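See below for the structure under consideration.
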Amino acid sequence: MKKVIVACGTGMATSSMIAEKVRAVLEDNQVDYTLSQAQLSELDMYKEADLFVTAMRVEEDYGVPMVVGTPFLVGIGEAEAAAKIIEILKK
Amino acid sequence: MEAILDYILSLGSTVFVPIVLFVIGLIFGLGFFKSIKSGITVGVGFIGFNLAVGLISSFLSPAVNLIVERFGFNLTVIDLGSGAGAGVAFSTVVGALIIPSVFILNVILLAIGATKTMNIDIFNYSHYAFTGAVVHSVTGNLILGMGAALVQAAWSLLSADYTAKRVQNELGVESISIPQGYAASSVPLFVILDKIYSKIPFLQNSNLDIKGLQKKVGFMGDPVIIGGILGIILSLLSGYGFKDGANLVMGVCGIMVLFPRMIKIIVEGLMPLSEAAKGFFAKHFSGKEVYIGLDSAVTLGHPTTMIIGTVLIPITLILAAILPGNRVLPLADLAFAAFFICMATIIHKGNILKTLISGIINMIGILYIATWISPYFTKLAEKGGVSETGDKVSALWAGNVFDFIIANVGFLGYLGLAILIVATCFIAIFVKRNALKD
């Protein structure tokens, strides 16, 4: 079971939009997962997660692999971001 | 015609808005079931909202009235926050027409090259609708109301174009811009202040590093903590004993936690429409340089925004108490303080001290504009069934400079609308020549 955290500034609107797309990607690739939404400021509470998908570039290193999820909002570079997510989780 | 319109509006926002969204969903080609789901989900968000607003009447209003009696306290207008503001805006005639109208305006402006931004942040069309609804209600003329709303939509697109490169650079995300109704309106002030700061030697290269502070103050931005502290202050001021006081604290915490949850439901309902709009733009404008206009929420993770957004909460309360002439008691929008300064972070390139000063100056303006707009807000909120009769309400959300300018000029009638349209053309030319570089 892979634990995925999708984070944006408020943990509400933007991360909901990204989360919906990430779920679709994970299901298409038959990844066994749980997904939660969080605020970017509380990411250090989720250090046991397998992947962070964030609404913007984050400088701090939490020791968890990170993918910037904005392509899912914008619709450009979605395939690349999805490939990166799968690569991290299938390792 | 007028009678039919009045009947439809009298259905209340919880019925009226879903019907409108259902029709818009069909027009956008979402199909029957997705359209129904989208409309009803938003309606459910409004129902949740009205339930949560009940908390204000039952817990907060009695306490505020007591404080008014005891101290001659003048903060009698309660801040219902952005969610209620959006609910009020969408429950008006202008609100019903806003989504297709802004969409068509955006397509035209993109086609003639007046903007590069396609605004898919549909929830925040509510800012434009609100200004339009105020103008409609004052002038009694729907064309003037729609005109005002569309002028604000255009200004927001232009503001987004102006800051696009800087936003992309600061966030590390390509091809986006921020036309969000509030954020866009705060850009002119922050740009002017940035020019002034560059003339002040002390501020020019100030390099205050308080990253460590984030972990220390971070908890203060938590809605429960804000609600708790605010509840205790209000209980003490109203002279409540433990029982009433504890109930008030819980009531205020309830407002702080529940209001944003309801906004989440409304945004979820609007998501399919936003996706459909994105698909349309992508199909018809591929090959052109186009920015995708997103909610300013995408910028909130910036460390400067997180820190100053939190520090601004107590500052806002102090300002509200000491500013002469302010009537607004900041409440539901306190938890969203970061939204008010997120563009300052971008324009000041993350400089903490500049962002803090800009944030304070901006907040003073917000409180005065929110006070000014409160009679209109109250009237529209009662009509839309969002607030109970007798309560005076407003929102920091409406403390928007674009609202203030466009509404005041819009009140002049067709002459005002003409002035606004001419001004928009000049702004468009200015933005084309002077857009911010990274």
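Just so you know, these numbers come straight off a predicted model, no measurement behind them. First the proteins, then the strands, lettered A, B, ... as listed; each starts at 1.
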Examine whether an atom of Ile292(B) lies under 4.5 Å from a heavy atom of chain A, and if so say whether it belongs to the side chain, the backbone or both; otherwise answer neither. side chain

In terms of heavy-atom contacts, does CD of Gln168(B) have more than 12 from other residues, nucleotides or ligands at under 6.0 Å? yes

Write down the atom of Met56(A), the atom of Val298(B), and the distance for their closest heavy-atom approach. SD-O, 3.6 Å

Would you say NZ of Lys2(A) has more than 12 non-hydrogen atoms from neighbouring residues, nucleotides or ligands within 6.0 angstrom? yes

What part of Glu275(B) gets closer than 4.5 Å to chain A, counting heavy atoms only: side chain, backbone, both or neither? side chain

Is it the side chain or the backbone of Ile176(B) that comes within 4.5 Å of chain A heavy atoms, both, or neither? side chain

Contacting region of Phe339(B) [heavy-atom separation from chain A under 4.5 Å]: side chain

So, applying side chain to side chain contact (heavy atoms under 4.5 Å, CB included) with Leu73(A), which one of Asp295(B), Leu294(B), Ile120(B) is it? Leu294(B)

Answer yes or no: are there more than 12 heavy-atom neighbours, outside Lys283(B) itself, under 6.0 Å from its atom NZ? no

Please examine the side chains of Val267(B) and Ser16(A), heavy atoms only from C-beta on, and report whether any two atoms are closer than 4.5 Å. no

Heavy-atom count check: over 12 atoms from other residues, nucleotides or ligands less than 6.0 Å from Lys3(A) NZ? yes

Most contacts with chain A, counted as non-hydrogen pairs under 4.5 angstrom, among Leu171(B), Thr305(B), Leu270(B): Leu171(B)

At a heavy-atom separation under 4.5 Å, does Ser274(B) approach chain A through its side chain, its backbone, both, or neither? side chain

Calculate, to the nearest 0.5 Å, the distance between atoms NE2 and CZ belonging to His302(B) and Arg57(A) respectively. 8.5 Å

